[in-house]
Amino acid sequence: MNADTLVSHLTEWSTAVNSLEKQATKELYDNNNEIAYRDLMHQRAELLRSLPERATELPQALRASAVFPSVLETLRGFAQSADNALRLDSIFYMSALLYPDEHTPGDPNNLELLIRELTR
């Protein structure tokens, strides 16, 4: 196992996070369903909060890769922000998870940027 395998796991998790965000946005803007939006944003934050645990459950050979410690530290930062958003029950905070202050629509989020950095 190598960094490519780690990237495949990160990509899978990123796809799931983005899917929840897209579903939430559709519920809010297309269906005017704020309850579904809130539920999906909570699910997205819960998923982000679970990423460090998911990473530590990866096979030992993968966790032994040179990049794993820095990736895990980044995932812990994502998880801490998600935990704060959930603790505050702030939908605004949940919607901003993974996005830098200077983010513009269409730009990659921080998880996608991490994946890009690992594939260089």
### Query
From Leu97 CG over to Asn110 CG, what is the distance, rounded to the nearest 0.5 angstrom?
10.0 Å
Donor-acceptor pairs under 3.5 angstrom involving side-chain atoms of residues 34-41: please list them, not counting sequence neighbours.
from  : atom 1 : to    : atom 2 : distance (Å)
Arg38 : NH2    : Asp89 : OD2    : 3.4
Asp39 : OD2    : Gln43 : NE2    : 2.8

### Query
Among all residues two or more places apart in sequence or in another chain, which pass the side chain to side chain donor-acceptor pair (under 3.5 Å) test with Thr15?
none
### Query
Quick one: ring-ring contact (aromatic ring centres under 6.0 Å, His included) pairs with a partner in residues 64-96, sequence neighbours left out?
none
### Task
Test side-chain hydrogen bond (donor to acceptor under 3.5 Å, both in side chains) on Ser81 and Asn84 and set out the steps.
CA-CA 5 Å; Ser81 294; Asn84 289 339; 5.5 Å; no
### Message
To the nearest 0.5 Å, what is the distance between CG on Leu62 and OG on Ser8?
### Response
8.0 Å
### Query
Who passes salt bridge (Lys or Arg N to Asp or Glu O under 4.0 Å) against Glu27, sequence neighbours left out?
none
## Note on the structure
side chain to side chain donor-acceptor pair (under 3.5 Å) filter on Thr25, not counting sequence neighbours, yields none
#### Entry: Listed partners of Ser19 passing side chain to side chain donor-acceptor pair (under 3.5 Å), at least two apart
Gln23
### Query
Do any N or O atoms from the side chain of Ser90 and from the backbone of Leu86 form a donor-acceptor pair under 3.5 angstrom?
no
### Query
Just wondering, more than 12 heavy atoms not from Asn32 lying within 6.0 Å of its CG?
no
### Query
Would you say Leu47 and Leu20 make side-chain contact, with heavy atoms under 4.5 Å?
yes
### Task
For the pair Val71 and Leu10, evaluate side-chain contact (heavy atoms from CB on, under 4.5 Å) and give the outcome as yes or no after the intermediate values.
CA-CA 10 Å; Val71 168; Leu10 291 170; 4.1 Å; yes
### Message
Which residues pass the side chain to side chain contact (heavy atoms under 4.5 Å, CB included) test with Arg76, not counting sequence neighbours?
### Response
Pro52, Leu72, Glu73
### Task
Just grab all the ring-ring contact (aromatic ring centres under 6.0 Å, His included) pairs involving residues 99-120, residues at least two apart or on different chains.
Tyr99-His103
### Message
Tell me every residue that passes salt bridge (Lys or Arg N to Asp or Glu O under 4.0 Å) with Glu46, counting only those two or more places apart in sequence or in another chain.
### Response
Arg49
Which side-chain N or O atoms in residues 112-120 pair as donor and acceptor under 3.5 Å with protein atoms at least two apart or in another chain?
from   : atom 1 : to     : atom 2 : distance (Å)
Glu112 : OE1    : Asn109 : N      : 2.7
Glu112 : OE2    : Asn18  : ND2    : 2.8
Thr119 : OG1    : Ile115 : O      : 3.2
Thr119 : OG1    : Arg116 : O      : 3.0

### Task
Measure the OG1-CG distance between Thr74 and Leu51 for me, rounded to the nearest 0.5 Å.
11.5 Å
### Message
Do Met94 and Leu48 make a side-chain contact, defined as non-hydrogen atoms from C-beta onward lying under 4.5 Å apart?
### Response
no
### Query
Under the side chain to side chain donor-acceptor pair (under 3.5 Å) test, which residues partner Arg63, sequence neighbours left out?
Gln60
